[in-house]
**Q** 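This is the structure I have questions about; it appears just below.
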Amino acid sequence: MKFADLHLHTHFSDGTFSPEELTGHGLRLGFAVLALTDHDSVEGCAPMAAACASSEIEFISGTELTAEYNDIEVHLLGYFLDIYNERLLAEIAKFQAVRQNRIREMVARLNHLGVPLETESVFALANCKSPGRPHVARALTKAGLVKNPDEAFERFLKKNRPAWVPKAKMSALEGVELIHAAGGLSVMAHPGLNRTDEIIPALVDAGLDGIECFHTKHSTAMSERYLEIADRFHLLVTGGSDCHGFSKGKPLIGTVRLPYEHVEKLKAMVESRKSGAANPP
Ligand SMILES: [Zn+2]
Ligand SMILES: [Zn+2]
């Protein structure tokens, strides 16, 4: 039986592994397919593709976009992306700038609260273009200002805590369209965590291709619920661990094993889109 993990992060966003390290773990755990889905970044895809090729693992280029629909936050996974697509890269650069400004604002709020964290220490630790709250949490821990990242989130960084800053997001409909424009498939990430069920029909109308039924934080009942929804709306089924390395506790790779048949369906969809585009009716 062949398995895939289609939701992984590296140090090109808020994960701690390099693409090579992550591929090494995938190989050790016997995965046949890995997809990289760093937040607002495709930078790790080329090195990960190379590492997977030398380990005889099938690789899928991806990203995870933070979007919203009617003020509801939704994470969109893009798969089989053309990582050199100019429009995709321009949009990603825009949201990377949003992330960097958000870090500056969160540090300013911390300073205002009397917590002497320096912006540069967060950027130095993040060492990537897509910094996020986990980097602030780790920088606070490293500076001895909190005991651990969990405390940083609890006291300061969680939504509505004193150093939390809302994030400007792209519209989910635009996100779906952007992923399609870059030749990819658009998938709603971990619907069980975001409680986004009510917006599924609107995203399906906008062209959503799939839904992440299997995720480390989905219960069996949740997975079954989303399999049923996938069936009802004719959506493709994906799954992944959402591994961030050691960023949020233990590495999660290996906790979700998506059967290969789902990858075959994803590939068939991408192929039919391509041939459809090449031979318009
Ligand atoms: Zn997510
Ligand atoms: Zn993720």
Side-chain angles (χ1 to χ4, degrees), residues 4-19 22 25-26 31 33-45 48 59-69 72-79 81 92 95-96 98-99 102 126 128-135 137-138 149 153 157-159 164 166-172 175-176 178-179 184-197 199-200 203 208-218 222-223 226 238-258:
D5 186 333
L6 302 184
H7 194 151
L8 297 164
H9 297 271
T10 66
H11 65 208
F12 285 98
S13 66
D14 55 354
T16 59
F17 292 141
S18 67
L22 189 56
H25 288 291
F31 280 102
V33 186
L34 298 175
L36 183 59
T37 54
D38 273 318
H39 298 284
D40 297 327
S41 174
V42 289
E43 231 184 319
C45 289
M48 182 118 168
F59 176 70
I60 299 170
S61 296
T63 189
E64 181 171 17
L65 305 174
T66 309
E68 68 182 339
Y69 183 81
I72 298 172
E73 180 167 317
V74 54
H75 292 189
L76 288 175
L77 298 162
Y79 290 115
L81 295 168
I92 279 178
F95 283 93
Q96 288 174 346
V98 166
R99 285 176 168 275
R102 187 179 184 224
C128 73
K129 294 173 190 158
S130 278
R133 283 183 298 170
H135 294 124
R138 278 159 58 200
F153 271 90
L157 303 173
K158 257 168 71 167
K159 188 170 181 179
W164 175 74
K167 186 162 128 199
K169 305 172 193 88
M170 78 171 71
S171 110
V176 168
L178 177 66
I179 289 166
L185 297 179
S186 58
V187 172
M188 181 187 265
H190 45 66
L193 303 193
N194 293 63
R195 301 180 191 282
T196 41
D197 293 11
I199 71 173
I200 292 172
L203 292 196
L208 186 74
D209 299 295
I211 188 161
E212 189 175 52
C213 296
F214 302 101
H215 183 275
T216 306
K217 289 194 179 157
H218 278 183
M222 272 183 199
S223 295
Y226 292 109
T238 74
S241 64
D242 213 351
C243 178
H244 285 74
F246 291 102
S247 171
K248 298 176 180 173
K250 274 195 307 189
L252 295 172
I253 183 168
T255 54
V256 173
R257 290 175 177 269
L258 182 75

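Whatever order the structure lists them in is the order used to number ligands and atoms, beginning at 1. As a basis for the values below, the full set of heavy atoms in this structure was taken, side chains included, without hydrogen atoms, waters or symmetry mates.
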**Q** Name all residues meeting the salt bridge (charged side-chain N to carboxylate O under 4.0 Å, His left out) criterion together with Lys217; count only those two or more places apart in sequence or in a different chain, and write none if there are none.
**A**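 Partners of Lys217 by the salt bridge (charged side-chain N to carboxylate O under 4.0 Å, His left out) criterion come out as none, since no residue qualifies.
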**Q** Among all residues two or more places apart in sequence or in another chain, which pass the side chain to side chain contact (heavy atoms under 4.5 Å, CB included) test with His11?
**A**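 Per chain and number, His11 pairs via side chain to side chain contact (heavy atoms under 4.5 Å, CB included) with Ser18, Pro19.
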**Q** Leaving waters out, which protein N, O or S atoms fall under 2.8 Å from the Zn ion (ligand 1)?
**A**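 Only Glu64 OE2, His75 ND1, His190 NE2 fall inside 2.8 Å of the Zn ion (ligand 1).
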**Q** Does either side chain, that of Thr255 or that of Thr216, offer a donor lying less than 3.5 Å from an acceptor on the other one?
**A**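 There is such a pair between these side chains.
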**Q** Any side-chain to backbone donor/acceptor pair from Asp38 onto Thr10? Under 3.5 Å, distance only.
**A**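 It does hold such a pair.
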**Q** Go through the structure and list residues passing salt bridge (charged side-chain N to carboxylate O under 4.0 Å, His left out) with Glu64, not counting sequence neighbours.
**A**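 Glu64 satisfies salt bridge (charged side-chain N to carboxylate O under 4.0 Å, His left out) with no residue once adjacent residues are dropped.
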**Q** Please state whether the rings of His215 and His7 are parallel, tilted or perpendicular, taking 30° and 60° as the class boundaries.
**A**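 The rings of His215 and His7 stand perpendicular, inter-plane angle above 60°.
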